[in-house]
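All remarks here apply to the structure that follows.
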Amino acid sequence: MQDRIVMLADLDYFYAQCEEVRNPALRKKPVVICVYSGRTEDSGVVSTANYIARSYGVGPGIPIYAAKRKLKEKDAVFLPVDHIFYSLVSERVMTILKGHADLFEQVGIDEAYLEVSNKVMGELDHAVELAKMIKTEIRSREGLTCSIGIGPNKLIAKMAADFTKPDGLTLVGLGQVQQFLFPLEISRLIGVGKRTSEKMQTLGISTIGDLARYDLGQLMNVFGRRLGRYFHDASNGIDYRPVKAKEQLQSISRISTLKEDTRDLETIEEKIEGLCDQIGDMVLREDLLFRSIGITFVANDLSIHSRSRTLQAPTNQLRVLKKIARDLIRRFLNESEIIPRRVEVRVANLKRRHGIQVRLMDPESNRAG
DNA sequence: GTATGCTTTCGGC
DNA sequence: TTACGGCCGAAAGCATAC
């Protein structure tokens with residue numbers, strides 16, 4: 001493959017920064033964006049927090065109650081997520097980013113990969129100038145800071161962006177990949193979480209360099225073929241994944257926390273019904289058809305259990321969605337003793353509805369069954 | 001053996 | 001001391017078809 005120049009642009013502490021833009025007085029205070037479950041006054045978790053809050057140990061994933069304790073007397077501001085507002089901001093930023101890329105791939109609401117090889121004519125210093133320009137444009141148009149990593153592939157671009165934040169800009173040229181990666185702690189490698197990190201320690205691997213030098217065959221034995229190969233390649237800075245626009249939404253899900261843990265069918269069905277309605281709205285709005293329907297229970301011990309069914313033909317019928325979701329939860333509750341805490345409905349195998357019309361003309365559909 | 005499809009689980013943001 | 005969301009894509013694991 002030709003040498004590539006890939007950028008990863010990551011909006012800093014995105015939700016909290018959006019709130020700072022909306023109300024600049026927040027900038028001097030700890031800001032904590034919360035997902036309230038509605039179960040009790042402060043039940044729920046922190047979605048994200050600004051860097052002042054983080055300096056007190058408050059960050060994504062911790063319970064709201066714990067965050068309040070840590071920030072007592074600190075003049076902290078707790079706000080509920082406003083997803084609609086953040087989405088509008090995100091959309092405008094993504095439009096800016098896309099305009100500077102040969103190839104563009106959005107990841108989540110606050111991140112995107114840009115392949116810029118042609119745009120900068122293969123010159124790394126041009127890529128750095130482009131990144132500075134992008135940062136300036138996002139700051140002047142939206143008042144937001146972001147962190148940008150530049151590298152020869154997605155993996156290095158992403159890790160470079162993570163290396164300096166917030167408001168960072170990190171370049172890792174092809175010749176600098178090893179000196180960048182090898183000293184980093186193994187937990188910094190994308191795909192190495194807490195469990196894998198512990199397992200690696202027992203193998204005597206504590207830095208990415210240690211992993212890079214480890215025998216590929218041994219890694220495959222320990223982690224399986226695929227993952228072993230990934231760890232070997234990634235630690236050596238190798239990543240051939242192309243920057244590629246997402247072509248179709250893959251699934252739509254809605255999840256909600258029950259007022260209290262219960263196996264009561266009526267309570268659960270009522271909740272499921274509401275989730276189906278939300279999904280149905282989205283399916284119609286986006287003009288989609290779905291073919292798989294699934295439900296998930298998060299039990300009171302936080303264990304996760306799911307069931308799904310795939311239809312013969314895609315549909316957009318709310319009736320069908322509700323009936324199957326109901327069947328799935330009834331059957332699951334009969335088979336299992338778990339006590340549900342949260343319930344989720346998901347549809348997948350999505351297609352655009354006008355796709356049906358196209359299919360009549362599609363030579364594929366003329367094949368003998 | 002490979003390709004493909006389906007169900008369930010995992011983990012990033 | 002505990003406390004614990006709402007999404008999404010994709011991998012894992014298995015079955016079936018050729």
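Below, chain A is the first sequence line, B the second, and so on; all start at residue 1. In this text, all values refer to a predicted model and were calculated from it rather than measured experimentally.
- Shown for residues 76-114 of chain A: residues whose heavy atoms fall under 4.0 angstrom of DNA chain B, namely A:Asp110, A:Glu111.
- Classification of A:Asp233 and A:Arg229 as a salt-bridged pair holds, one side-chain N sitting under 4.0 Å from a carboxylate O.
- A cation-pi contact, defined as under 6.0 Å to the ring centre and within 45° of the axis, links A:Lys154 to A:Tyr113.
- No side-chain donor-acceptor contact under 3.5 Å links A:Thr257 and A:Arg39.
- Judged purely by distance below 3.5 Å, without hydrogens or angles, the side chains of A:Ser117 and A:Glu115 pair a donor atom with an acceptor atom.
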Pairs under 3.5 angstrom, nitrogen or oxygen only, protein versus nucleotides 4-10 of chain B, please.
residue, atom, partner, partner atom, Å
B:dC6, OP1, A:Arg291, NH2, 3.1
B:dC6, OP2, A:Arg291, NH2, 3.2
B:dT7, OP2, A:Thr310, N, 3.3
B:dT7, OP2, A:Thr310, OG1, 2.3
B:dT8, OP2, A:Ser308, N, 2.8
B:dT9, OP2, A:Ser306, N, 3.2
B:dT9, OP2, A:Ser306, OG, 3.4

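- With rounding to whole Å, A:Asn300 atom CG is found 12 Å from C:dG5 atom P.
- One atom, CD1 of A:Ile295, and another, P of C:dG6, lie 16 Å apart when rounded to the nearest Å.
- Side-chain atoms of A:Asn50 come within 3.5 Å of backbone atoms of A:Lys29 as a donor-acceptor pair (strictly under, hydrogens ignored).
- Five base pairs at each end of the helix from B:dG1-C:dC18 to B:dC13-C:dG6 define two local axes, and these are offset by 20° (rounded to 10°).
- No engagement by A:Ile62 is indicated, since no non-hydrogen atom pair under 4.0 Å with the nucleic acid exists.
- Within residues 40-48 of chain A, the residues that place at least one heavy atom under 4.0 Å from DNA chain C are, in residue-number order, A:Gly44, A:Val45, A:Ser47.
- When only modelled atom types and interatomic distance are considered, A:Ser37 and A:Ser43 share a side-chain donor-acceptor pair under 3.5 Å.
- Remark: A:Thr95 OG1 to A:His100 NE2 distance equals 11.0 Å, nearest 0.5 Å.
- Using a 4.0 Å heavy-atom cutoff across all strands shown, A:Ile64 reaches no nucleic acid atom at all.
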Test log, rule salt bridge (charged side-chain N to carboxylate O under 4.0 Å, His left out), inputs A:Asp287 and A:Arg352: CA-CA 6 Å; A:Asp287 198 30; A:Arg352 295 225 74 94; 5.4 Å; no
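- Spacing between atom NZ of A:Lys244 and atom C1' of C:dA10 amounts to 14 Å, rounded to whole angstrom units.
- The main-chain N or O of A:Val177 is never found under 3.5 Å from a side-chain atom of A:Gln179 such that the two would form a donor-acceptor pair.
- Residue-level contact check: A:Gly191 touches neither bases nor backbone, having no heavy atom under 4.0 Å from any strand.
- Remark: the backbone N or O of A:Arg254 is not paired with any side-chain donor or acceptor of A:Glu344 at under 3.5 angstrom.
- At least one side-chain nitrogen or oxygen of A:Lys158 sits closer than 4.0 Å to the OP1 or OP2 atom of B:dC13.
- Atom CD1 in A:Ile33 sits roughly 17 Å away from atom P in C:dG5 (whole-Å rounding).
- Judged purely by distance below 3.5 Å, without hydrogens or angles, the side chains of A:Thr48 and A:Arg54 pair a donor atom with an acceptor atom.
- Using modelled atom types, one finds a donor on one side chain and an acceptor on the other under 3.5 Å when comparing A:Thr145 with A:Asp12.
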When you compare the protein's N or O atoms with those of nucleotides 11-18 of chain C, which come within less than 3.5 Å of each other, and at what distance?
none

Verdict with supporting geometry, A:Glu19 and A:Tyr86, side-chain hydrogen bond (donor to acceptor under 3.5 Å, both in side chains): CA-CA 9 Å; A:Glu19 297 292 353; A:Tyr86 312 145; 2.6 Å; yes
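- Protein atom CG of A:Leu302 is 13 Å distant from nucleotide atom P of C:dG6, rounded to whole Å.
- Going from atom CD1 of A:Ile255 over to atom P of C:dG9 covers 15 Å, rounded to whole Å.
- With A:Phe78 as the aromatic partner, A:Lys68 meets the cation-pi criteria of under 6.0 angstrom to the ring centre and within 45 degrees of the ring axis.
- Atoms CZ (A:Arg342) and C1' (C:dC7) sit 10 Å apart, rounded to a whole Å.
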Please tabulate the protein-to-nucleotide N/O contacts below 3.5 Å involving nucleotides 1-3 of chain C, giving atom names and distances.
residue, atom, partner, partner atom, Å
C:dA3, N6, A:Arg69, NE, 2.8
C:dA3, N6, A:Arg69, NH2, 2.8

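- At C:dG9, one or more side-chain N or O atoms of A:Ser251 fall inside 4.0 Å of OP1 or OP2 (strictly under the cut-off).
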Salt bridge (charged side-chain N to carboxylate O under 4.0 Å, His left out) evaluation trace for A:Arg353 with A:Glu286: CA-CA 9 Å; A:Arg353 194 167 66 91; A:Glu286 301 287 324; over 6 Å; no
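- The side-chain tip of A:Arg341 does not point at the ring of A:Phe297 from less than 6.0 angstrom away and within 45° of straight on.
- With a 4.5 Å cut-off on side-chain heavy atoms, A:Val116 and A:Val6 do not count as touching.
- A donor atom on one side chain and an acceptor atom on the other are found under 3.5 Å apart for A:Tyr13 and A:Glu20.
- A:Ser303 contributes no side-chain N or O that, together with a main-chain N or O of A:Ala299, makes up a donor-acceptor pair within less than 3.5 Å.
- Regarding A:Gln17, its CD atom lies at a distance of 17 Å from the P atom of B:dC13, rounded to whole Å.
- Between A:Lys246 and A:Tyr36, it is A:Tyr36 whose nearest contact on DNA chain C lies nearer the 5' terminus.
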